[in-house]
Amino acid sequence: MKHTLLAAVLLFTLPTIASATSLIVCEPSSKNDLSATGIWPAPYLTQNQLCFNMRSKSGNTCVKNGQTTTWFSEAVIVFIDGESQGRDDTWFRVLKPVINDKEIEYTIEASRDRKRWGAMSHVSINRISGQAVDWLIHEHGGTSYDCHLEMKKI
């Protein structure tokens with residue numbers, strides 16, 4: 001009877017654990033690096049998807065391994081190649097990210113008209129070591145981060 005109860009509890013809780021939302025928290029590797037502003041938009045994992053912590057007017061801010069997503073946000077300040085594009089309504093997209101047990105890697109792009117896209121940053125996270133690099137496009141060496149997963153607190 002005890003084994004049956006334990007099996008039933010595991011059967012109902014494991015899918016919940018597997019689909020739980022986990023924020024990817026990244027801190028600059030060098031505490032003295034004043035240029036390290038953090039990975040933006042902040043990524044998180046939910047239901048085997050990579051998602052971005054942004055308000056979306058349309059589209060989907062989540063994407064599966066090797067898939068593509070596009071979403072629309074209002075009044076966003078975007079930097080492309082280190083140049084501010086000002087505050088305006090903006091489309092974002094992520095094309096075919098790599099999301100597996102060893103790594104998460106993606107490039108996020110932005111567009112004002114959905115015709116001309118500019119890469120904002122390229123992010124690579126080693127899920128085993130927790131080391132990450134966020135390359136703002138045309139930046140040499142990128143900014144190094146130490147990352148870990150955090151489950152929802154509430």
Side-chain angles (χ1 to χ4, degrees), residues 13-30 33-154:
T13 58
L14 285 178
T16 303
I17 292 169
S19 68
T21 299
S22 302
L23 183 63
I24 301 171
V25 178
C26 298
E27 301 291 332
S29 293
S30 171
D33 186 355
L34 300 177
S35 68
T37 58
I39 296 174
W40 184 88
Y44 64 95
L45 297 171
T46 188
Q47 299 174 349
N48 298 319
Q49 297 183 94
L50 175 65
C51 301
F52 298 93
N53 191 10
M54 284 187 76
R55 184 169 297 183
S56 170
K57 275 302 234 186
S58 69
N60 190 350
T61 62
C62 295
V63 63
K64 290 184 178 183
N65 182 49
Q67 301 294 309
T68 296
T69 190
T70 304
W71 69 93
F72 178 74
S73 292
E74 294 179 318
V76 178
I77 297 174
V78 173
F79 285 83
I80 296 177
D81 295 337
E83 302 253 342
S84 173
Q85 305 301 305
R87 179 185 304 262
D88 203 351
D89 298 347
T90 305
W91 287 93
F92 295 93
R93 74 179 179 188
V94 175
L95 303 172
K96 299 181 180 178
V98 174
I99 307 162
N100 59 44
D101 292 340
K102 295 180 183 176
E103 67 181 325
I104 296 171
E105 189 165 352
Y106 62 91
T107 299
I108 190 161
E109 299 176 331
S111 174
R112 302 296 178 155
D113 60 10
R114 288 186 86 177
K115 294 177 185 159
R116 291 171 289 142
W117 292 88
M120 288 178 19
S121 67
H122 177 87
V123 176
S124 178
I125 302 171
N126 181 319
R127 293 184 75 179
I128 296 169
S129 68
Q131 295 176 331
V133 178
D134 180 6
W135 290 276
L136 296 172
I137 303 305
H138 297 296
E139 180 179 290
H140 300 287
T143 303
S144 297
Y145 292 90
D146 295 318
C147 302
H148 65 275
L149 291 178
E150 251 181 38
M151 301 300 279
K152 267 187 168 177
K153 304 256 190 270
I154 296 177

Side-chain ([X]) to main-chain ([Y]) donor-acceptor, under 3.5 angstrom:
X	Y	answer
Arg127	Asn100	yes
Asp89	Glu74	no
Ser73	Arg55	yes

Nearest heavy-atom pair of [X] and [Y]: which atoms, and what distance?
X	Y	answer
Ser111	Arg116	OG-O, 2.8 Å
Cys62	Asn60	N-OD1, 2.9 Å
Val63	Ile99	O-CD1, 3.6 Å
Pro41	Tyr106	O-OH, 4.4 Å
Gly38	Asp134	O-OD2, 4.1 Å
Ser56	Thr61	CB-CG2, 3.8 Å

query = Please walk me through it: do Leu50 and Thr69 pass side-chain contact (heavy atoms from CB on, under 4.5 Å)?
reply = CA-CA 10 Å; Leu50 175 65; Thr69 190; over 6 Å; no
ask   = Can a donor-acceptor pair be found between the side chains of His148 and Glu27 at a distance below 3.5 Å?
value =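 Glu27 and His148 do not have a side-chain donor-acceptor pair below 3.5 Å.
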task = Anything under 30° is parallel, anything over 60° is perpendicular, the rest tilted; go ahead and classify Trp40 against Phe92.
result =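 Perpendicular: the ring planes of Trp40 and Phe92 meet at over 60°.
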message = Which label fits Phe52 and Trp71: parallel for a plane angle under 30°, tilted from 30 to 60°, or perpendicular past 60°?
response =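 Answer is parallel, since the angle falls under 30°.
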What's the spacing between [X] [atom1] and [Y] [atom2] if we round to 0.5 Å?
X	Y	atom1	atom2	answer
Ile108	Met120	CD1	CE	5.0 Å
Leu95	Gln67	CG	CD	11.5 Å
Met151	Leu45	CE	CG	10.0 Å
Ile39	Cys147	CD1	SG	4.5 Å
Ile104	Ile24	CD1	CD1	4.0 Å
Trp135	Thr143	CH2	OG1	10.5 Å

inquiry  = My understanding is that only residues two or more places apart in sequence, or in another chain, count here; which of them pass side chain to side chain donor-acceptor pair (under 3.5 Å) with Asp146?
reply    =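 Here the qualifying residues are Ser29.
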task = With side-chain contact (heavy atoms from CB on, under 4.5 Å) as the test, would you mind laying out the steps for Thr21 and Tyr44 before giving the verdict?
result = CA-CA 7 Å; Thr21 299; Tyr44 64 95; 3.6 Å; yes
key: With sequence neighbours excluded, residues passing salt bridge (charged side-chain N to carboxylate O under 4.0 Å, His left out) with Arg93   =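 Salt bridge (charged side-chain N to carboxylate O under 4.0 Å, His left out) list for Arg93, sorted by chain: Glu109.
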request  = Would you indicate whether the side-chain heavy atoms of Lys102 and Ile128 approach each other to under 4.5 Å?
outcome  =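 Ile128 reaches Lys102 side chain to side chain.
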message = Between Val25 and Tyr145, is there a side-chain heavy-atom distance shorter than 4.5 Å?
response =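 No, every pair of side-chain atoms sits at 4.5 Å or beyond.
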message = So, using side chain to side chain contact (heavy atoms under 4.5 Å, CB included) as the criterion, who are the partners of Lys96 when residues are at least two apart?
response =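 With sequence neighbours excluded, Lys96 shows a side chain to side chain contact (heavy atoms under 4.5 Å, CB included) to Thr68, given in chain and number order.
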